[in-house]
A.B. asks: 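To start, I am sharing the structure in question, which I have written as C-alpha cells.
In each ligand, atom 1 is the first atom listed, and ligand 1 is the first ligand listed.
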Amino acid sequence: MQKEVDLVIIGGGQSALACGYFLRRSELDYLIVDDQVDCGGSWPQTWESLTLFSPSKFSSLPGFMMPVSARAYPSRDEAIAYLCEYEKRYDFPIKRKVCVTKVELQDGVFHIHTADGEQLKAKAVISATGTWQKPFIPEVPGRESFQGIQIHSVEYKNAEIFEEKKVLIVGEGNTGAQLLAEVSKVAQTVWSTHKQPEFLSDDVDGRVLFDLATAKYEAEKQGKSFDASQYHLGNIVMTPAVQEARKRNVFKSQGRISAIEDNAVVWENREREEIDGIIWCTGFGFATDHLSGLVSTDSKGRVSTENTRCKEVPGLWLVGYGGWTGFASATLIGVGRTARQTVKEVVEYIKELKLL
Ligand code: FAD
C-alpha cells in the first residue's frame with residue numbers, strides 16, 4: 001500500500017493535464033494515474049485521418065499553445081504530439097498502465113483500487129476519465145441480428161474494411177459527417193440522421209461554437225435568457241474533407257431508421273434497403289464505472305455535480321466530461337477554465353482538512 005497523498009487524478013488525458021497545470025503552484029502532493037501505455041489520453045485511439053475542428057490557436061490547453069499546423073486544421077497526430085509535449089514540459093507526476101477499478105471512502109480517506117491489486121490512498125480525487133471508453137449505440141430493433149460489419153466510431157481506424165461495400169452511417173454530428181466523407185470515397189454510403197443535419201458555413205469553424213457556448217455561459221451567469229437560435233450556426237464544421245465530400249453530394253440524409261435486419265436497414269417510412277455494414281456515430285456515455293459504488297450515476301454514467309464538484313461525496317470532482325462539468329469542458333480550449341476552478345476548490349478543501 002502506498003502512502004496517502006493529498007490528491008489522485010484518475011485519467012491522464014487533456015483534462016488531467018489541464019488540472020496538473022494549475023496544480024503546479026500549489027503545495028499539494030498529487031499523482032495522476034492513467035490506464036494507457038502512452039501519452040495523449042484517448043486521442044491515439046481515434047481514426048487515422050481525424051482533423052480537429054478548430055485551428056491550433058483555438059485548440060490549446062492553458063500555458064503552452066499547440067504549435068501552428070501547416071494545415072488549416074491540425075491532424076490528430078499533431079494533437080497527440082502536442083499533449084505529449086505538454087506533459088513533458090511540465091513534468092507532471094503520471095503513472096501509466098494503472099487502471100482504476102473502484103474508489104471507496106473509508107474514514108474520510110479515498111481508497112483507489114487498481115486492476116493489478118494495488119491500492120492508493122488520497123484525501124481528494126479528481127476523476128478525468130473521459131467518454132471514449134463508453135461508446136453509445138441506441139436501442140434499434142434487430143440490431144443484434146445484423147450479419148454484416150457493425151462498428152461504433154470508436155472502432156473505426158480507416159475505410160479499408162468497407163471498400164466496395166454498401167455502408168449505413170448513423171449520426172448527424174461531426175463524427176458522422178467526417179466518416180461519411182471518408183467512407184464514401186471507397187464505398188456506397190447511406191446516411192441516417194435523427195434530425196436534419198446542420199452545417200456551419202465554410203468560413204467559420206469550431207471556434208464559433210466555443211464563442212457561442214461562452215456567450216451562453218456568460219448570459220446564464222448574469223441570469224439573462226439566451227437565444228441560441230438567432231445564430232443559425234449548425235454544428236458540422238466544414239473541414240476541407242467535408243467540403244470535398246459535399247461536392248460529391250454525399251450529405252443526403254434519409255432520415256431515421258426503425259429497424260435493422262440481418263442484411264438490411266428498415267427506414268422510418270418502412271422502406272427496406274440492403275446494406276453490408278453499419279458505422280454508429282451516435283456518441284458516448286461517461287467512463288465513470290470506477291465511481292459506481294461510491295456515488296449514484298445515471299444510465300449514461302453522469303454524476304450529480306455543482307460545476308465539477310460532486311454533490312454527494314465531499315472531496316470528489318469530475319473534470320472534462322462535457323456540458324454537465326462545465327461548458328465546452330470536453331474540448332482542448334474549454335477544459336482550462338473548469339480545471340482552474342476545480343484546482344482552486346481542491347486546494348481550499350485540502351487546506352481546510354489540514355487545519356482540522
Ligand atoms: P480522454 O482523452 O478520454 O482521457 C481520459 C484518460 O483516462 C484516457 O487515457 C483513458 O484511457 C483514461 N481512463 C479511463 N478510465 C480509466 C480508469 N478507470 N483508470 C485509469 N485511467 C482511465 N476537442 C477539441 O478541442 N477539438 C476537436 O477537434 C475535437 N475533435 C474530436 C473528435 C472526436 C471524434 C472526439 C470523440 C472528440 C473530439 N474532441 C475534440 C473532444 C475532446 O477533445 C476529447 O473528447 C478529449 O479526449 C477529452 O479529454 P479527457 O482528458 O477528458 O478524456
Side-chain angles (χ1 to χ4, degrees), residues 8-20 31-61 66 69 72-76 78-80 82-83 86-87 94-103 112-116 118 120 125-136 152-156 171 173-179 205-207 209-210 213 237 239 279 281-284 286-292 301 308 318-322 325-326 328-336 338-339:
V8 165
I9 303 180
I10 308 170
Q14 64 200 41
S15 298
L17 303 190
C19 292
L31 178 67
I32 301 175
V33 291
D34 183 73
D35 61 3
Q36 299 299 302
V37 176
D38 223 329
C39 42
S42 294
W43 285 99
Q45 292 168 54
T46 58
W47 64 91
E48 292 157 10
S49 68
L50 174 68
T51 52
L52 271 61
F53 49 66
S54 307
S56 323
K57 199 172 157 198
F58 300 98
S59 303
S60 293
L61 294 175
M66 183 184 290
S69 172
Y73 299 95
S75 67
R76 102 186 164 133
E78 286 171 302
I80 296 166
Y82 167 65
L83 290 175
Y86 192 92
E87 188 176 312
I94 301 191
K95 220 174 151 193
R96 288 226 144 75
K97 295 194 274 180
V98 178
C99 177
V100 173
T101 51
K102 190 164 71 169
V103 180
I112 298 132
H113 299 259
T114 70
D116 59 11
E118 203 188 348
L120 309 167
V125 167
I126 297 176
S127 185
T129 46
T131 58
W132 195 255
Q133 293 182 10
K134 283 284 163 182
F136 172 77
H152 184 276
S153 60
V154 289
E155 296 162 271
Y156 180 86
N174 280 292
T175 299
Q178 287 197 20
L179 295 198
D205 54 45
R207 182 178 22 144
L209 298 177
F210 180 77
V237 179
T239 61
I279 309 177
C281 304
T282 41
F284 300 88
F286 308 101
T288 55
D289 285 357
H290 56 289
L291 299 177
S292 61
T308 59
L318 292 103
V319 175
Y321 295 92
T325 54
S329 64
T331 63
L332 284 155
I333 193 174
V335 71
T338 50

A.B. asks: Spell out, as yes or no, whether a donor-acceptor pair under 3.5 Å connects the side chain of S60 to the backbone of M66.
C.D. replies: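 Yes, because the side chain of S60 sits within donor-acceptor range (under 3.5 Å) of the backbone of M66.
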
A.B. asks: Which residue from C39, G11, S42 reaches closest to atom 1 (P) of ligand 1 through any of its heavy atoms?
C.D. replies: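 Ranked by closest heavy atom to atom 1 (P) of ligand 1, first place is S42.
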
A.B. asks: Which of the atoms of ligand 1 are close to G320, meaning less than 4.0 Å from one of its heavy atoms?
C.D. replies: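 The atoms of ligand 1 under 4.0 Å from a heavy atom of G320 are 52 (O).
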
A.B. asks: Suppose we measure from atom 5 (C) of ligand 1 to each protein heavy atom; which comes out shortest, and what is that distance?
C.D. replies: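 Looking at atom 5 (C) of ligand 1, the protein heavy atom closest to it is A128 O, 3.5 Å.
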
A.B. asks: Using a 3.5 Å cut-off on N or O atoms only, is Q133 in polar contact with ligand 1?
C.D. replies: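 Checking ligand 1 against Q133, an N or O pair does fall under 3.5 Å apart.
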
A.B. asks: Applying side-chain hydrogen bond (donor to acceptor under 3.5 Å, both in side chains), name anything that partners S69, two or more places apart in sequence or on another chain.
C.D. replies: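 By the side-chain hydrogen bond (donor to acceptor under 3.5 Å, both in side chains) rule, S69 matches E78.
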
A.B. asks: Would you confirm whether N174, through its side chain, and V237, through its main-chain N or O, come within 3.5 Å as a donor-acceptor pair?
C.D. replies: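 Flag set: sc N174 to bb V237 pair under 3.5 Å.
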
A.B. asks: Suppose we screen for side-chain hydrogen bond (donor to acceptor under 3.5 Å, both in side chains). Which residues come up paired with W43, at least two apart in sequence or across chains?
C.D. replies: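 By the side-chain hydrogen bond (donor to acceptor under 3.5 Å, both in side chains) rule, W43 matches Q14.
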
A.B. asks: Give the atom numbers and elements of ligand 1 that come within less than 4.0 Å of a heavy atom of G12.
C.D. replies: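 Reading through ligand 1 atom by atom, the close ones are 6 (C), 7 (O).
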
A.B. asks: Salt bridge check: are K134 and D289 linked by an N-O gap of less than 4.0 Å?
C.D. replies: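 Yes, this pair counts.
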
A.B. asks: State whether the shortest distance between N or O atoms of F53 and N or O atoms of ligand 1 falls below 3.5 angstrom.
C.D. replies: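 N/O-N/O distance under 3.5 Å: yes.
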
A.B. asks: Are any of the N/O atoms on T331, whether in the backbone or the side chain, positioned under 3.5 angstrom from an N/O atom of ligand 1?
C.D. replies: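 There is no such contact.
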
A.B. asks: So which atom in W47 and which in Q178 form the shortest heavy-atom distance, rounded to 0.1 Å?
C.D. replies: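 Heavy atoms only, the tightest pair is CZ2-OE1, 3.5 Å.
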
A.B. asks: I'd like to know if D289 contacts ligand 1, where contact means a heavy-atom distance under 4.0 Å to any ligand atom.
C.D. replies: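 No, D289 has no heavy atoms under 4.0 Å from ligand 1.
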
A.B. asks: Which pair of heavy atoms, one from T114 and one from V98, lies closest together, and at what distance?
C.D. replies: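 Minimum heavy-atom separation between T114 and V98: CG2-CG1, 3.5 Å.
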
A.B. asks: Among protein heavy atoms, which sits nearest to atom 44 (C) of ligand 1, and what does the distance come to when rounded to 0.1 Å?
C.D. replies: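 Looking only at protein heavy atoms, the one closest to atom 44 (C) of ligand 1 is A330 O, 3.9 Å.
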
A.B. asks: Going by heavy-atom distance to atom 12 (C) of ligand 1, choose the closest among L50, I32, D34, V103.
C.D. replies: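 When every heavy atom of L50, I32, D34, V103 is considered, D34 comes closest to atom 12 (C) of ligand 1.
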
A.B. asks: Give the minimum heavy-atom separation between T288 and G301, together with the two atoms involved.
C.D. replies: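 Distance-wise, the nearest heavy atoms are OG1-O, 2.6 Å.
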
A.B. asks: To which protein heavy atom is atom 52 (O) of ligand 1 closest, and what is the distance rounded to 0.1 Å?
C.D. replies: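 Nearest neighbour among protein heavy atoms for atom 52 (O) of ligand 1, to 0.1 Å: S15 OG, 2.6 Å.
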
A.B. asks: What protein heavy atom sits nearest atom 10 (C) of ligand 1, and how far off is it?
C.D. replies: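 Of every protein heavy atom, D35 OD1, 3.5 Å lies nearest to atom 10 (C) of ligand 1.
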
A.B. asks: Answer yes or no for atom 16 (C) of ligand 1: protein heavy atom present at a distance under 4.0 Å?
C.D. replies: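 Within 4.0 Å: yes, protein heavy atom nearby.
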
A.B. asks: Would you say the side-chain atoms of R76 pair up with the backbone N or O of S49, donor to acceptor, closer than 3.5 Å?
C.D. replies: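 Such a contact is absent between R76 side chain and S49 backbone.
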
A.B. asks: Is there a heavy atom of S59 sitting under 4.0 angstrom from any atom of ligand 1?
C.D. replies: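 No, that is not the case, since the closest heavy atom of the residue is not under 4.0 Å from the ligand.
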
A.B. asks: Taking only heavy atoms of W47 into account, list the atoms of ligand 1 that are under 4.0 Å away from them.
C.D. replies: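 Counting atoms of ligand 1 from 1, those under 4.0 Å from W47 are 34 (C).
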
A.B. asks: Mind listing the closest non-hydrogen atom pair of L83 and G40 along with its distance?
C.D. replies: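 Looking at all heavy atoms of both residues, the closest pair is CD1-O, 3.8 Å.
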
A.B. asks: With no hydrogens and no angle check, is any side-chain donor or acceptor of T129 less than 3.5 Å from a backbone partner on A287?
C.D. replies: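 Confirmed, T129 side chain pairs with A287 backbone.
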
A.B. asks: Between the side chain of S59 and the main-chain N/O of S54, is any donor-acceptor distance below 3.5 Å?
C.D. replies: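 Yes: the side chain of S59 pairs with the backbone of S54.
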
A.B. asks: Run down the list Y73, W43, Y321, F284 and name the one with the heavy atom closest to atom 40 (C) of ligand 1.
C.D. replies: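 The nearest heavy atom belongs to W43.
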
A.B. asks: So, is L332 polar-close to ligand 1, with some N/O to N/O distance under 3.5 Å?
C.D. replies: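 Yes, there is a polar N/O contact under 3.5 Å.
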
A.B. asks: Any idea which of R76, Q178, Q14 brings a heavy atom closest to atom 46 (C) of ligand 1?
C.D. replies: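 Residue with the shortest heavy-atom distance to the ligand atom: Q14.
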
A.B. asks: Show which atoms of ligand 1 fall inside a sub-4.0 Å distance from at least one heavy-atom site of Q36.
C.D. replies: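 Those of ligand 1 that fall under 4.0 Å from Q36 are 9 (O), 11 (O).
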
A.B. asks: Taking only heavy atoms of T175 into account, list the atoms of ligand 1 that are under 4.0 Å away from them.
C.D. replies: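 Listed by number with element, the hits are 34 (C).
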
A.B. asks: Could you report the tightest heavy-atom contact between R96 and D38, atom names first, then the distance?
C.D. replies: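 In this case the closest contact between R96 and D38 is NE-O, 3.2 Å.
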
A.B. asks: Assess the residue pair Y321 and S127 against the criterion (side chain to side chain donor-acceptor pair (under 3.5 Å)); give the C-alpha distance rounded to whole Å, side-chain angles, the decisive distance to 0.1 Å, and a yes or no.
C.D. replies: CA-CA 10 Å; Y321 295 92; S127 185; 2.8 Å; yes

A.B. asks: What residue and atom, counting heavy atoms only, is the protein's closest point to atom 20 (C) of ligand 1, and at what distance?
C.D. replies: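 The protein heavy atom lying closest is V98 O, 3.2 Å.
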
A.B. asks: Under 4.0 Å, counting heavy atoms only: does C99 come that close to any atom of ligand 1?
C.D. replies: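 Within the 4.0 Å threshold, so yes.
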
A.B. asks: At what distance is the nearest protein heavy atom to atom 19 (N) of ligand 1, and which residue and atom is it?
C.D. replies: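 Protein heavy atom with the smallest distance to atom 19 (N) of ligand 1: V100 N, 2.9 Å.
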
A.B. asks: For atom 4 (O) of ligand 1, what is the closest protein heavy atom, and at what distance to 0.1 Å?
C.D. replies: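 Among all protein heavy atoms, the one nearest atom 4 (O) of ligand 1 is G13 CA, 3.6 Å.
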
A.B. asks: For ligand 1, which atoms sit closer than 4.0 Å to a heavy atom of L52?
C.D. replies: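 The list of qualifying atoms is 27 (C), 28 (O).
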
A.B. asks: What verdict does the side-chain contact (heavy atoms from CB on, under 4.5 Å) test give for L332 and L61, after you've listed the backbone C-alpha separation in whole Å, the side-chain angles of each residue and the deciding distance to 0.1 Å?
C.D. replies: CA-CA 6 Å; L332 284 155; L61 294 175; 4.2 Å; yes

A.B. asks: Write out the residue and atom name of the closest protein heavy atom to atom 35 (C) of ligand 1, then the distance separating them to 0.1 Å.
C.D. replies: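 Atom 35 (C) of ligand 1 sits closest to the protein heavy atom W132 CZ3, 4.4 Å.
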
A.B. asks: For the residue pair S329 and T338, what are the closest heavy atoms and their distance?
C.D. replies: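 The pair with the smallest heavy-atom distance is CB-OG1, 3.8 Å.
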
A.B. asks: S54 to ligand 1: N or O pair under 3.5 Å?
C.D. replies: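 S54 vs ligand 1: no N/O contact under 3.5 Å.
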
